[in-house]
Amino acid sequence: MSSSNAHLAQIFEDMAHLLELQGASRFRVNAYARAARTIKGHGDDLVSLAEDPKSLKAIDGIGDSTADKIVEFAETGRIEAYDKLLKDVPSGLLDVLRIPGLGPKTVKLMWDDMQVESLTDLQRVIDDGSILSLPRMGKKTVENIRSAIAFVSSADDRTPIGIARPIADTIVRRLKRLKSTKQVQYAGSLRRGAETIGDIDVLIATSNPEQARETFTTMAEVTQILANGETKASVRTEFDGVAIQADLRLVPEASFGAALMYFTGSKEHNVRLRERALRQDRTLNEYGLFPDDDKESPPQSRGVKPVASQTEAEIYTALDLPEIPPELREDRGELKLAAADIESLVTVAGIRAELHAHTTETDGKLTLDELIEHAIERGCHTLAVTDHSQSSALVNGLSPKRLRAQIKAVRQANDRYREITVLAGSEVDILPDGSLDYDDDLLDELDVVVASPHASLRQTPAEAMKRMMAVATNPRVNIIGHPTGRRFGTRPGLELDMAEIAAAAAAHDIALEINAHWRRLDLRDTHVRIALEAGALIAIDCDVHSREHSDNLIYGVQTGRRGGLPASRCINTWSASKLHKWLGVTT
DNA sequence: GCCGTTTTCGGCCCGACTGTTTTCAGTCG
């Protein structure tokens, strides 16, 4: 996603909220919200696409009005309708709306009746008790709002997947231990392999719902119970200083698949499926796919037998679709895919080579031999040792002399191990001007050159493009490592025209890396999509510094799958002979 | 505001929980 897409998406999301506060039709509000999600998830830079408004309107969820606004934004940098909304509605209300439990109706009422226009104003009416004069506003509700304000300020908006997943695994493991548990699994954006997670959704089918709820709501990490009903319990938790909300859904075993599908989402994917069901004279909800009988009350409450409900596969089949993997359920055209496209996607089991790994010579925790043995345990046929280059002084980057010694050590090690091919490589710094951190003759001695940006990550887009295009056309480079250099929570990284980089890389037989570390995930899913369209090859590597790092592989693979990466285009899935031939090494 | 395997108008996904009510509105996902 380009940064202008992110900016545009934010504008449309704000507009949706501002319109909501003005009391606009919920369908219109929803249209703006959908446009925002569409823009956010779109791979291409929509501002550049604005030169051809027809291509904008071809995108699902973007119609005449939205396209006009994007064109206006591309030409003038502003959207008049947005400016007007901001004049009419105090923008501080957007912050108030972000408090869980406060929705548009209440916020509008507070604005109209007691001049609440910001979080500060909200705090005022809570403190002086005047908030209690609102209809349906009692002591308990106010207390909930008070703690929600505290939670919002303590929790990050979204939690990186690498932090959220171990927490979810812990919760699932605890519930699995109960004898009454028949099935338990997490769903939501975590199951879809999104790079960040809002909250943790866990589904359970159990013969003892009371016990499951009790176990869930009394975990030591629970800081507050938000809801505890017959089919749903919801808690705020704090695991090792990470504040995150978790929901437990109690579902009948017979409809576990329908519930799993429903709570895995995404919302947009679900809406598409429901629409499809309706066209088949059926109705889809979290209890199953039912014949549509135009009755008011839900079919499952009347004992109607579902067409499908037990497993996701059954339901997709009944909808005349291939089983769509969670990673693809984002309403990015997945309903049009053929079964063969889905089966060909890269998998964790398909990854047979690690081409980005560090040793104790620089900042790794494993010695050369430990690293090799670890790669063998992982089932790799090939390992490339790629320590840092000389400019990365902080991590003890290798001088040319030390690199030559390492090459020799790697060659000797390779002779000691029959099960694996160990290649000599380097993660070479890309200097600010796009040149590499070693001379060409030294680079020529290496089997694998991973070129990565580490410093000067705040360059202007023009400088960054010049720098990275030099790398993408350099015949000595095999892989471009974490191409943007972004890191969650610390820096956004280089702003690149990924289509152009990928096209150049494809022409020069260079692969672009998905760095699997959850703090990077760089390339990101939308980049993968663009890179594939431009014809580039992709590498998925763990950037191994310690044994734990190879556990990150799943995040890299999920990112690839989200980008539609077929195994055939991922060099780490290739056979040893094919990979070695591509690298130009003789083994 | 968006969209169309019947549609360029007239629909637009569905159910659960809480708190405040005394049958339900608002919010969430």
Side-chain angles (χ1 to χ4, degrees), chain A residues 12 15-16 19-20 24-38 56-70 81 96-110 132 134-145 148 187-189 197-203 213 217 224-235 245-252 255 258-259 261-290 292 295-301 320 331:
Chain A
F12 279 93
M15 286 183 85
L19 284 166
E20 206 170 21
S25 128
R26 65 196 168 98
F27 299 113
R28 193 164 161 232
V29 169
N30 194 32
Y32 275 86
R34 186 183 169 197
R37 284 193 298 269
T38 302
L56 284 178
K57 286 176 205 170
I59 301 168
D60 268 351
I62 294 182
D64 290 341
S65 166
T66 306
D68 286 349
K69 290 187 177 72
I70 295 174
V96 180
L97 212 46
R98 249 173 244 129
I99 306 296
L102 284 181
K105 295 266 167 51
T106 315
V107 174
K108 182 163 170 28
L109 213 53
M110 287 197 292
L132 286 163
L134 292 173
R136 312 185 65 86
M137 184 66 68
K139 271 189 171 167
K140 197 143 188 186
T141 306
V142 174
E143 210 29 64
N144 288 343
I145 295 173
S189 48
I197 308 304
D199 49 30
I200 293 170
D201 275 312
V202 178
L203 261 65
R213 279 163 51 186
T217 54
Q224 192 183 355
I225 300 173
L226 297 169
N228 195 358
E230 276 185 26
T231 66
K232 171 186 169 179
S234 189
V235 297
Q245 183 175 323
D247 298 337
L248 181 70
R249 315 278 179 163
L250 300 119
V251 307
S255 53
M261 209 158 142
Y262 181 82
F263 290 111
T264 297
S266 64
K267 191 182 165 76
E268 288 294 322
H269 177 78
N270 286 350
V271 170
R272 296 282 92 82
L273 292 182
R274 290 233 186 82
E275 288 171 353
R276 189 181 179 95
L278 283 177
R279 285 201 297 273
Q280 300 177 348
D281 286 325
R282 288 160 163 176
T283 179
L284 176 65
N285 62 29
E286 60 262 53
Y287 295 97
L289 180 66
F290 297 89
D292 192 4
K295 295 255 172 47
E296 278 281 315
S297 63
Q300 69 278 4
S301 68
D320 198 22
D331 190 27

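Below, chain A is the first sequence line, B the second, and so on; all start at residue 1.
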Undergrad: Check every atom of B:dG15, B:dC14, B:dC17 against the side chain of A:T283 and return the nucleotide holding the closest atom.
TA: B:dC14

Undergrad: Return yes if a side-chain donor-acceptor contact under 3.5 Å exists between A:S234 and A:Q245, otherwise no.
TA: yes

Undergrad: The side chain of A:T141 lies closest to which of these nucleotides: B:dG1, B:dT20, B:dT27?
TA: B:dT20

Undergrad: With a non-hydrogen cut-off below 4.0 angstrom, is A:I62 in contact with a base, only sugar-phosphate, or nothing?
TA: sugar-phosphate

Undergrad: Determine, for A:K140 against A:E143, whether the closest basic-nitrogen to carboxylate-oxygen distance falls under 4.0 angstrom.
TA: no

Undergrad: Which pair of heavy atoms, one from A:D331 and one from A:H269, lies closest together, and at what distance?
TA: CB-N, 4.1 Å

Undergrad: Please tell me which of A:N30 and A:Y262 maps to the more 5' nucleotide of DNA chain B, matching each residue to the nucleotide holding its nearest heavy atom.
TA: A:N30

Undergrad: Rounded to whole Å, please give me the gap between NZ in A:K267 and P in B:dC14.
TA: 12 Å

Undergrad: Is it true that, when you exclude A:E275 itself, more than 12 heavy atoms of the residues, nucleotides or ligands shown sit nearer than 6.0 Å to its CD?
TA: yes

Undergrad: Could you work out which one of B:dG1, B:dT5, B:dC17 sits closest to the side chain of A:T66?
TA: B:dG1

Undergrad: Checking base pairs now: Watson-Crick or wobble, both atom distances under 3.5 Å. What partners B:dT8?
TA: none

Undergrad: What is the distance, rounded to the nearest whole Å, between atom CD of A:Q224 and atom C1' of B:dT18?
TA: 13 Å

Undergrad: Round to a whole Å and report the spacing from CZ of A:R272 to C1' of B:dC3.
TA: 10 Å

Undergrad: Please give, in whole Å, the distance from B:dT27 C1' to A:R26 CZ?
TA: 14 Å

Undergrad: Compare the minimum distances between each of B:dG1, B:dG29, B:dG15 and the side chain of A:Y287, then state the nucleotide with the smallest one.
TA: B:dG15

Undergrad: Tell me the closest heavy-atom pair linking A:L289 and A:A277, and the distance in Å.
TA: CD1-CB, 3.8 Å

Undergrad: Can you name the nearest heavy-atom pair linking A:L56 to A:A67, along with the distance?
TA: CD1-O, 4.0 Å

Undergrad: Could you please name the option among B:dG26, B:dT18, B:dA16 that lies closest to any side-chain atom of A:N144?
TA: B:dT18

Undergrad: Quote, to the nearest angstrom, the C1' distance that separates B:dA16 from B:dG11.
TA: 25 Å

Undergrad: Between B:dC9 and B:dC14, how far is it from one C1' atom to the other, in whole Å?
TA: 25 Å

Undergrad: Send over the distance from A:L226 CG to B:dT18 P, rounded to a whole Å.
TA: 10 Å

Undergrad: When all nucleic acid strands are considered with a 4.0 Å heavy-atom cut-off, which category describes A:D64: base, sugar-phosphate, or nothing?
TA: sugar-phosphate

Undergrad: Taking atom C1' in both B:dT8 and B:dC3, compute the distance separating them and give it to the nearest angstrom.
TA: 10 Å

Undergrad: Over all strands shown, is A:K139 touching base, sugar-phosphate only, or nothing at heavy-atom distances under 4.0 angstrom?
TA: sugar-phosphate

Undergrad: Counting the atoms with a prime plus P, OP1 and OP2 as sugar-phosphate, which does A:R249 contact under 4.0 Å by heavy atoms, base, sugar-phosphate, or nothing?
TA: sugar-phosphate

Undergrad: Starting the side chain at C-beta, find the nucleotide from B:dT18, B:dC14, B:dC3 nearest to A:N228.
TA: B:dT18

Undergrad: Both A:E230 and A:T106 contact DNA chain B. Which one's nearest nucleotide lies toward the 5' end?
TA: A:E230

Undergrad: Quantified in whole Å, what is the C1' atom distance between nucleotide B:dT5 and nucleotide B:dG1?
TA: 24 Å

Undergrad: Can you tell me, in whole Å, how much space there is between the P of B:dC12 and that of B:dT18?
TA: 29 Å

Undergrad: Among the candidates B:dC28, B:dG15, B:dG1, find the nucleotide nearest to the side-chain atoms of A:Y32.
TA: B:dG1

Undergrad: Please determine, for the side chain of A:K140, which listed nucleotide (B:dG1, B:dT20, B:dG29) has the closest atom?
TA: B:dT20

Undergrad: For A:N270 versus A:Y262, what's the shortest heavy-atom pair and its separation?
TA: ND2-O, 2.9 Å

Undergrad: Reckon A:G61 touches a base, only the sugar-phosphate, or nothing at all at heavy-atom distances under 4.0 Å?
TA: sugar-phosphate

Undergrad: For B:dC17, take OP1 and OP2 only and decide whether either is under 4.0 Å from a side-chain N or O of A:T231.
TA: yes

Undergrad: What's the closest nucleotide to the A:K69 side chain, out of B:dT27, B:dG1, B:dG15?
TA: B:dG1

Undergrad: When the C1' atoms of B:dC17 and B:dT21 are compared, how many Å lie between them, rounded to an integer?
TA: 15 Å

Undergrad: Compare every heavy atom of A:A187 with every heavy atom of A:L203, then report the nearest pair and how far apart it is.
TA: CD1-CB, 4.2 Å

Undergrad: Could you check how far CG of A:N285 sits from P of B:dC14, rounded to whole Å?
TA: 8 Å

Undergrad: Which nucleotide in the list B:dC17, B:dT27, B:dC3 gets nearest to the side chain of A:R34?
TA: B:dC3

Undergrad: Rounded to the nearest Å, what distance is computed from the CG atom of residue A:L97 to the P atom of nucleotide B:dC28?
TA: 8 Å

Undergrad: Would you classify A:P135 as touching base, sugar-phosphate or nothing, given that sugar-phosphate means primed atoms plus P, OP1 and OP2, and contacts are heavy atoms under 4.0 Å?
TA: nothing

Undergrad: In whole Å, what is the span from the CG atom of A:D201 to the P atom of B:dC28?
TA: 15 Å

Undergrad: Quote, to the nearest angstrom, the C1' distance that separates B:dC2 from B:dT7.
TA: 14 Å

